[in-house]
Q: 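Here it is, the structure, as structure tokens.
Position 1 is the first residue of the sequence, and the numbers go up from there. This structure is a prediction, so every number in the text was calculated from the model and none was measured. These values consider heavy atoms only, across backbone and side chains, with no hydrogens, waters or symmetry-generated copies.
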Amino acid sequence: MSHEKGAKLNHYMAFLRVAVDGYEAGRISGSVYSRRLKAPLHFATTKDLLLQIEDLLDTQDFPRAFQRKRTFAEGKAPKAPGRPVAPEEDGRENMDAETVDMARGKISTFTLNVITRQNTSWQGYLDWLDGADRLAFNSDLELLSMISERLELSGG
């Protein structure tokens with residue numbers, strides 16, 4: 001699906017390709033590729049992966065969180081809800097479809113699609129590139145469990 005300048009984000013172009021390059025003691029490292037990004041997101045730990053994806057979802061407001069975050073820190077007012085922000089609106093180019101499609105991890109690769117964000121968590125599905133069945137998840141904890149279980153079984 002083409003992504004024209006000014007087009008709004010949608011679930012068809014919003015998936016994230018996660019290339020896992022390292023896995024040790026339940027911690028993964030690698031890179032995230034997507035048409036919603038201008039450059040890959042590199043992560044060194046599982047926590048780093050989650051925080052960077054959450055920041056991307058918040059920045060682009062897609063999918064929109066069902067609850068707004070509260071903060072008591074001075075100067076850190078929560079973002080007011082608005083429309084989803086397409087990543088190219090700042091004038092820079094997104095990753096092209098071929099770059100995203102060709103991205104592969106040294107250990108494993110999967111596609112992550114966060115469809116909703118309810119109860120301060122993510123819901124969506126996970127597709128391993130080796131053709132395994134699509135897995136639905138109802139929380140980021142469940143997602144992490146699925147990833148760890150799969151990498152353990154494959155000897156990641």
Q: At what distance, to the nearest 0.5 angstrom, does CG of Leu49 lie from CD1 of Ile28?
A: 5.0 Å
Q: Please report the closest heavy-atom contact between Ser121 and Ser139, naming both atoms and the distance.
A: OG-CA, 3.1 Å
Q: Indicate the atoms forming the closest heavy-atom contact of Val32 with Leu37, along with that distance.
A: O-CD1, 3.6 Å
Q: Could you give the distance from CD (Gln52) to OG1 (Thr59), rounded to the nearest 0.5 Å?
A: 11.0 Å
Q: Is any side-chain heavy atom of Leu112 closer than 4.5 Å to one of Leu143?
A: yes
Q: My understanding is that only residues two or more places apart in sequence, or in another chain, count here; which of them pass ring-ring contact (aromatic ring centres under 6.0 Å, His included) with Phe110?
A: Trp128
Q: Distance-only, no hydrogens or angles: does the Gln118 side chain make a donor-acceptor pair with backbone N or O of Gln123 under 3.5 Å?
A: no
Q: Hey, which of Leu56, Leu50, Asp58 is the one that makes side chain to side chain contact (heavy atoms under 4.5 Å, CB included) with Glu54?
A: Asp58
Q: Can you name the closest pair of heavy atoms from Ile115 and Pro63 and give their distance?
A: O-CB, 3.3 Å
Q: Which atoms form the tightest heavy-atom contact between His42 and Ser31, and what is the distance?
A: ND1-OG, 2.7 Å
Q: Taking atom CG of Asp55 and atom CD of Gln60, what is their separation to the nearest 0.5 Å?
A: 9.5 Å
Q: Can any side-chain N or O of Asn94 pair as donor or acceptor with the backbone N or O of Arg35 at less than 3.5 Å?
A: yes
Q: Minimum heavy-atom separation for Leu126 to Met146, with atom names?
A: CD2-CB, 4.1 Å
Q: Just do the side-chain hydrogen bond (donor to acceptor under 3.5 Å, both in side chains) check on Ser29 and Asp21 with the steps written out, would you?
A: CA-CA 6 Å; Ser29 61; Asp21 292 329; over 6 Å; no
Q: If I take atom CG from residue Asp140 and atom CD1 from residue Ile147, how far apart are they, to the nearest 0.5 angstrom?
A: 10.0 Å
Q: Would you mind reporting whether Leu57 and Arg36 have side-chain heavy atoms less than 4.5 Å apart?
A: yes
Q: For residues Thr109 and Arg17, report the shortest heavy-atom separation together with the two atoms involved.
A: CG2-CD, 3.2 Å
Q: One pair to check against side chain to side chain contact (heavy atoms under 4.5 Å, CB included): Ile53 and Phe43. What are the steps and the verdict?
A: CA-CA 10 Å; Ile53 291 175; Phe43 60 94; over 6 Å; no
Q: Nearest 0.5 Å, please: how far is OG in Ser154 from OH in Tyr23?
A: 8.5 Å
Q: Which donor-acceptor pairs under 3.5 Å do side chains of residues 129-138 form with protein atoms, sequence neighbours excluded?
A:
{"unit_1": "Asp130", "atom_1": "OD1", "unit_2": "Ala132", "atom_2": "N", "d": "3.1"}
{"unit_1": "Asp130", "atom_1": "OD1", "unit_2": "Arg150", "atom_2": "NH2", "d": "3.0"}
{"unit_1": "Asp130", "atom_1": "OD2", "unit_2": "Arg150", "atom_2": "NH2", "d": "2.0"}
{"unit_1": "Arg134", "atom_1": "NE", "unit_2": "Asp127", "atom_2": "OD1", "d": "3.1"}
{"unit_1": "Arg134", "atom_1": "NE", "unit_2": "Asp127", "atom_2": "OD2", "d": "3.2"}
{"unit_1": "Arg134", "atom_1": "NH2", "unit_2": "Asp127", "atom_2": "OD2", "d": "2.9"}

